[in-house]
Amino acid sequence: MSDPSVPVGSLTVARAYWLLKSEPDVFGYTDLEQRVSEPWNGVRNYQARNFLRAMQPGDLCLFYHSQAQPSGVAGVACVLTPAVPDNLQFDESSAYYDPKSTPDNPRWSMVEVAAVAALPRFLALDALRTLPELEGMRLLQKGTRLSVMPVTADEFRVIVTAGGLDAASL
DNA sequence: GCCAACGTTGGC
DNA sequence: GCCAACGTTGGC
């Protein structure tokens, strides 16, 4: 985190940190590494959507593998764009089509993301639970199903450091 | 606005 | 596949 601030237009705002869930059988971190830019679309939960809308270019994300053996944090991704309407909501052939969405009043949003660095040491859920600094982390609370959620700067630093990355270089 | 029924998520 | 937890839907 050599540069904890990010220019947004003429302003400079504090960089924010997030966690994105993905099922590696569908789209894992190694898939992200092969893309220049990946639309984070298909999110159909209002809370998660609101977090997408709060994202700014330059924000960093923990890339979390869910429904995996084991589940855990695989790498770091970067937000490339502000939120824009999710293209899939208008696509009748998509599983993410929403008939209640109109181009004038889109319900769902997405951002573009890119890979930054894989964790040299994959951090499985049970490993995350052993880190005392993460006791209050949203991801680890009972019943948390959100696929997009905020992470504190401290949580982010603790996780990438435990995963073998130099947090200051991100 | 209440709430039951149903659907989805995700760890295990 | 099971089940807990949570979100959404729709009747009233």
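Numbered from 1 within each chain, the chains take letters A, B, ... in sequence-line order. Values reported hereafter were calculated over all heavy atoms of this structure, with side chains retained and with hydrogens, waters and symmetry mates removed.
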Exercise for the section: Starting at atom CG of A:Leu125, determine the distance to atom P of B:dT9, rounded to an integer number of angstrom. Expected result: 17 Å
Practice task
Give the rounded distance in Å between these two atoms: CD of A:Gln67 and C1' of B:dG10.
Solution key: 5 Å
Exercise for the section: Specify the separation, in whole Å, of atom NE2 of A:His65 and atom P of B:dG10. Expected result: 13 Å
Practice task
Check the angle between the aromatic planes of A:Phe122 and A:His65 and answer parallel, tilted or perpendicular using the 30° and 60° thresholds.
Solution key: tilted
Practice task
Just do the side-chain contact (heavy atoms from CB on, under 4.5 Å) check on A:Val73 and A:Val160 with the steps written out, would you?
Solution key: CA-CA 9 Å; A:Val73 178; A:Val160 298; over 6 Å; no
Completion exercise
From the list A:Tyr29, A:Tyr64, A:Trp40, side-chain contact (heavy atoms from CB on, under 4.5 Å) with A:Ser22 holds only for A:Trp40
Practice task
Over 60° means perpendicular and under 30° means parallel, so classify the ring planes of A:Phe27 and A:Phe63, tilted if in between.
Solution key: tilted
Problem - Any donor-acceptor pair under 3.5 Å from A:Arg129 side chain to A:Leu140 backbone - result: yes
Problem - Results of salt bridge (Lys or Arg N to Asp or Glu O under 4.0 Å) for A:Arg35 - residues two or more places apart only - result: A:Glu38
Handout entry: Matching residue for A:Trp108 among A:Asn87, A:Asp98, A:Asn41, A:Asn45 - test: side-chain hydrogen bond (donor to acceptor under 3.5 Å, both in side chains)
Key = A:Asp98
Practice task
Let me know the distance between CG of A:Leu128 and C1' of B:dG10, rounded to the nearest Å.
Solution key: 15 Å
Tabulated below should be each protein N or O lying under 3.5 Å from an N or O of nucleotides 3-7 of chain C; please produce it.
| unit_1 | atom_1 | unit_2 | atom_2 | d |
| --- | --- | --- | --- | --- |
| C:dA5 | OP1 | A:Lys142 | NZ | 2.7 |
| C:dA5 | N3 | A:Arg145 | NH1 | 3.4 |
| C:dC6 | O2 | A:Arg145 | NH1 | 2.7 |
| C:dC6 | O2 | A:Arg145 | NH2 | 2.8 |
| C:dG7 | O4' | A:Arg145 | NH2 | 3.2 |

Exercise for the section: Answer yes or no: is there an ion pair linking A:Asp86 with A:Arg49, defined by an N-O contact shorter than 4.0 Å? Expected result: no
Problem - Helix axis bend for the helix from B:dG1-C:dC12 to B:dC12-C:dG1 - C1'-based end axes, five pairs, 10° rounding - result: 10°
Fill in the blank from the handout: A:Glu23 CD to B:dG10 P, in whole Å, measures 7 Å
Fill in the blank from the handout: When rounded to whole Å, the CG to P distance for the pair A:Leu140 and B:dG11 reads 11 Å
Exercise for the section: Return no unless some side-chain N or O of A:Lys21 is found under 4.0 Å from OP1 or OP2 of B:dG10. Expected result: yes
